[in-house]
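Here is the naming used below: chain letters follow the sequence lines, and residue numbers restart at 1 for every chain.
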Amino acid sequence: MIKPLRGMRDLAFEDAKKFEYFIDTATNIAKKYGYEYLETPILEESALFKRSVGESSDIVNKEMYQFIDKGGNDVCLRPEGTAGVVRFFISNKLDRQDGKYKFLYYGPMFRYERPQKGRFREFHQFGCESFGEESVYEDYTIIELISKIFDELNIAYSLEINSLGCSECMPKYKEKLVEFLEDIKDELCEDCQRRIKTNPIRVLDCKNQNCKTALSNAPKITDNLCSSCHSDFEKLKELLENSGIEFSVNKNLVRGLDYYNKSAFEFISSNLGAQNAIAGGGRYDKLVEFLGGKPTAAVGFAIGVERVLELLELPEQKREGYYFGAMSKEGVDKVVKVAKDIRKDNRAFVEFEPKKLKAHLKSADRQNSRYCCIVGEDELKNDTIWVKDLEEKREFIVSSDEFVKNI
RNA sequence: GUGGAUAUAGCUCAGUUGGUUAGAGCACCAGAUUGUGGCUCUGGGGGUCGUGGGUUCGAGUCCCAUUAUCCACCCCA
């Protein structure tokens, strides 16, 4: 038997319904904020992600589905969504238009990781990217947008925010931090000692208890922001407070990807185990320039769709549509014909196998159909159709000609 | 990539110190009820016991390998 590849899953039935419900809800809300749907290729040049996500990150180093295609190009399945959108933005020369552009996207992403709860090799993200808006009001607005999506879906979350500074203050802070870390190196776990070189900021959110205590006196980025970053961060907090969106400042919050600056945020669920982030994002003002475009401010986020589906309760499914069946071979032609007309406006299922009434009712019930429409001996004789409303438990007989009109 | 747990029917799981023909519940099909769904009762179909080796007179059970799943680490949405 051929099974799906490791970490890849079929999306069907209940989950498929949830997926559609989520995408519809999120898309509608994002559109109200001015975002337009954008679809970029799933396959891109590997260099795109090496440059944007960062050569040092695990995503690029060991988690990319990367290969040489038949034309000799070094390509990979996208491990995240932002880079492709930025690539689109630049290759369509939107960076030269000086305008404001907002895009929403959703689709599959691929990372060659060991699967666990809330983490798969093929997973889906829904994301928004806003270009050309440098005001901190936009950072706030995007957080508001995400909270609206979760509120609409009835999903509980907590919001954590931080500021990562800018090219002005971040490098200085990093130096300061590395200096501090080198001093306490012996008290840190093996992973953290390695991280001092590869990604010193990451040391801050190590889960190891020894590291945590050793780090209690570490310099904090929020105490080392330049004046513009500082005032933007203060403004962001003020805007969130005034709008009633609850949040906490997590000074150790670091975004996983290299390109973020200033505002960083994460929406966390407490019901998911270790992989508890359901949305993450922030500002990335340097990325467009870094990928060869004109300097353009940008801010965005992505929601982990599978993680959200795990938390999502579908609204109760109502009985809907028509079930057609015949009790003898002679009746089948008739129900097929009527179903065709019904399908102009309604869902119809036709059972081609003649069955007893009881069996038809049972099937119609199981399919959650609203009406069970049957042609038996009498109906064939009188050219009528017997209909039972499975919800109201009422039944009636209508002539075949009048059927579609009377429904 | 590292660690732990698990793998028996479509699903959830029993299966004794290794011993005849591998079981239950749910689901499915049929009948009880010749044209009335959800409840009840009766019957039925459905299994290479993850895969490959090994030990043994005999393996679902013991050993080795392998693959997959789940959870955690690393990393990340």
Side-chain angles (χ1 to χ4, degrees), chain A residues 1-9 53-54 56-64 78-82 106-127 146 157 189-192 194-195 198-199 202 205-208 253-258 265-269 272-282 300-310 319 323 325-328 331 353-372 374-380 386-395 397:
Chain A
M1 194 185 7
I2 297 175
K3 288 188 284 191
L5 291 170
R6 176 165 225 194
M8 313 221 170
R9 308 188 304 170
V53 174
S56 67
S57 78
D58 273 18
I59 292 181
V60 166
N61 274 324
K62 31 186 213 193
E63 295 178 2
M64 289 213 297
R78 63 184 181 192
E80 58 94 40
T82 302
Y106 58 88
M109 311 290 160
F110 300 84
R111 292 182 197 171
Y112 197 89
E113 304 178 86
R114 191 97 171 244
Q116 70 182 78
K117 190 176 176 69
R119 190 170 71 186
F120 308 96
R121 288 183 171 181
E122 181 188 20
F123 62 102
H124 295 76
Q125 289 188 336
F126 173 95
I146 303 167
Y157 60 84
C189 70
E190 228 175 273
D191 282 329
C192 283
R194 172 176 53 80
R195 281 191 277 231
T198 58
N199 196 347
R202 269 270 161 220
D205 69 348
C206 182
K207 284 162 191 160
N208 186 302
L253 172 68
V254 180
R255 306 277 43 252
L257 311 180
D258 276 2
F265 53 83
E266 224 164 74
F267 285 71
I268 314 266
S269 163
L272 282 178
Q275 310 301 321
N276 60 0
I278 51 177
F301 73 89
I303 294 178
V305 177
E306 279 78 2
R307 293 180 188 177
V308 170
L309 297 195
E310 183 118 335
R319 287 188 180 281
Y323 173 100
M327 293 169 67
S328 62
E353 193 70 33
K355 285 185 191 176
K356 292 201 289 190
L357 181 63
K358 185 191 171 91
H360 280 310
L361 279 162
K362 207 170 173 183
S363 303
D365 181 40
R366 234 198 336 262
Q367 288 183 14
N368 226 17
S369 293
R370 173 78 191 262
Y371 300 99
C372 181
I374 303 300
V375 170
E377 217 176 309
D378 298 347
E379 289 76 18
L380 209 52
W386 178 88
V387 181
K388 180 160 186 180
D389 179 341
L390 298 180
E391 180 91 27
E392 307 269 337
K393 302 179 201 308
R394 281 187 317 206
E395 55 193 79
I397 292 167

Discussion item. Using the C1' atom as the point on both nucleotides, what is the distance between B/rG18 and B/rC11, in whole Å?
Written reply: 30 Å

Practice prompt. Round to a whole Å and report the spacing from CZ of A/Arg119 to C1' of B/rA72.
Written response: 10 Å

Worksheet, complete the sentence: Encoded 5' to 3' (Watson-Crick or G-U under 3.5 Å; [ ] crossing; | other strand), RNA chain B becomes (((((((..((((.....[...)))).(((((.......))))).....(((((..]....))))))))))))....

Response to the item:
For A/Ser269, the side chain to side chain contact (heavy atoms under 4.5 Å, CB included) test, sequence neighbours excluded, returns A/Asn271, A/Leu272, A/Ile278, A/Leu311

Worksheet item: A/Glu379: what forms a salt bridge (charged side-chain N to carboxylate O under 4.0 Å, His left out) with it, not counting sequence neighbours?
Response: none

Practice prompt. Measure from the ring centre of A/Phe123 to the centre of the six-membered ring in the base of B/rA77, then say whether that distance is under 5.5 Å and the planes meet at under 30°.
Written response: yes

Discussion item. Counting the atoms with a prime plus P, OP1 and OP2 as sugar-phosphate, which does A/Ala364 contact under 4.0 Å by heavy atoms, base, sugar-phosphate, or nothing?
Written reply: nothing

N/O to N/O distances under 3.5 Å, protein versus nucleotides 27-30 of chain B:
residue : atom : partner  : partner atom : Å
B/rC28  : OP1  : A/Arg366 : NH1          : 3.0
B/rC29  : OP1  : A/Arg366 : NH2          : 3.0
B/rC29  : OP2  : A/Arg366 : NH1          : 3.4

Item to complete: Check every strand shown and say whether A/Gln367 touches a base, only sugar-phosphate, or nothing at a heavy-atom separation below 4.0 Å.
Response: nothing

Practice prompt. Could I get the full list of side chain to side chain contact (heavy atoms under 4.5 Å, CB included) partners for A/Phe120, not counting sequence neighbours?
Written response: A/Arg9, A/Glu306

Discussion item. Test your reading of the model: is there a side-chain donor-acceptor pair from A/Gln367 to the backbone of A/Ser369, 3.5 Å cut-off?
Written reply: no

Worksheet item: Taking N and O atoms by type only, does the side chain of A/Lys358 place a donor or acceptor under 3.5 Å from a partner on the base of B/rG31?
Response: no

Worksheet, complete the sentence: Residues at least two apart in sequence or cross-chain that pass side chain to side chain contact (heavy atoms under 4.5 Å, CB included) with A/Lys356, listed by chain then number, are none

Worksheet entry | A/Glu122 CD to B/rC76 C1', straight-line distance once rounded to whole Å | 17 Å

Discussion item. Using a 4.0 Å heavy-atom cut-off, does A/Glu80 contact any base of the nucleic acid, only the sugar-phosphate backbone, or nothing at all?
Written reply: nothing

Worksheet item: What pairs with A/Glu377 under side chain to side chain contact (heavy atoms under 4.5 Å, CB included), at least two apart in sequence or on another chain?
Response: none

Worksheet item: For A/Gly118, which contact category applies under a 4.0 Å heavy-atom criterion: base, sugar-phosphate, or nothing?
Response: base

Discussion item. Among residues at least two apart in sequence or on other chains, which ones pass salt bridge (charged side-chain N to carboxylate O under 4.0 Å, His left out) with A/Asp365?
Written reply: A/Arg319

Kindly give the atom pairs (protein nitrogen or oxygen, nucleotide nitrogen or oxygen) under 3.5 Å for nucleotides 68-70 of chain B.
residue : atom : partner : partner atom : Å
B/rU69  : OP1  : A/Gly7  : N            : 3.3
B/rU69  : OP2  : A/Arg6  : NE           : 2.6

Worksheet item: Is a side-chain N or O of A/Arg119 found less than 3.5 angstrom from the main chain of A/Arg114, in a donor-acceptor match?
Response: yes

Worksheet item: C1' atom, B/rA9 versus B/rG46: distance in rounded Å?
Response: 7 Å

Fill in: Euclidean distance, atom CZ of residue A/Phe267 to atom C1' of B/rC76 [Å, nearest integer]
17 Å

Worksheet entry | Residue list, side-chain hydrogen bond (donor to acceptor under 3.5 Å, both in side chains) with A/Arg370, at least two apart or on another chain | A/Asp389

Practice prompt. For B/rU12 versus B/rC70, give the span between their P atoms, rounded off to a whole number of Å.
Written response: 12 Å

Worksheet item: Across the strands shown, which category fits A/Ile303 at heavy-atom distances under 4.0 angstrom: base, sugar-phosphate, nothing?
Response: nothing

Fill in: Geometric cation-pi criterion, A/Arg121 with A/Tyr112: 6.0 Å, 45°
yes

Discussion item. Need one value for A/Asp58: base, sugar-phosphate or nothing, where a base atom within 4.0 Å counts as base even if backbone is also close, heavy atoms only.
Written reply: sugar-phosphate

Item to complete: Could you work out the separation of B/rA59 and B/rU51 based on their C1' atoms and round it to a whole Å?
Response: 16 Å

Discussion item. Among residues at least two apart in sequence or on other chains, which ones pass ring pair (Phe, Tyr, Trp, His ring centres under 6.0 Å) with A/Phe265?
Written reply: none

Pairwise N/O distances under 3.5 Å, protein to nucleotides 41-47 of chain B:
none

Worksheet entry | Rounded distance (Å) that lies between atom P of B/rC75 and atom CD1 of A/Ile59 | 12 Å

Discussion item. For a quick check of understanding: with a heavy-atom distance under 4.0 Å over all strands, which category does A/Glu306 fall into, base, sugar-phosphate or nothing?
Written reply: nothing

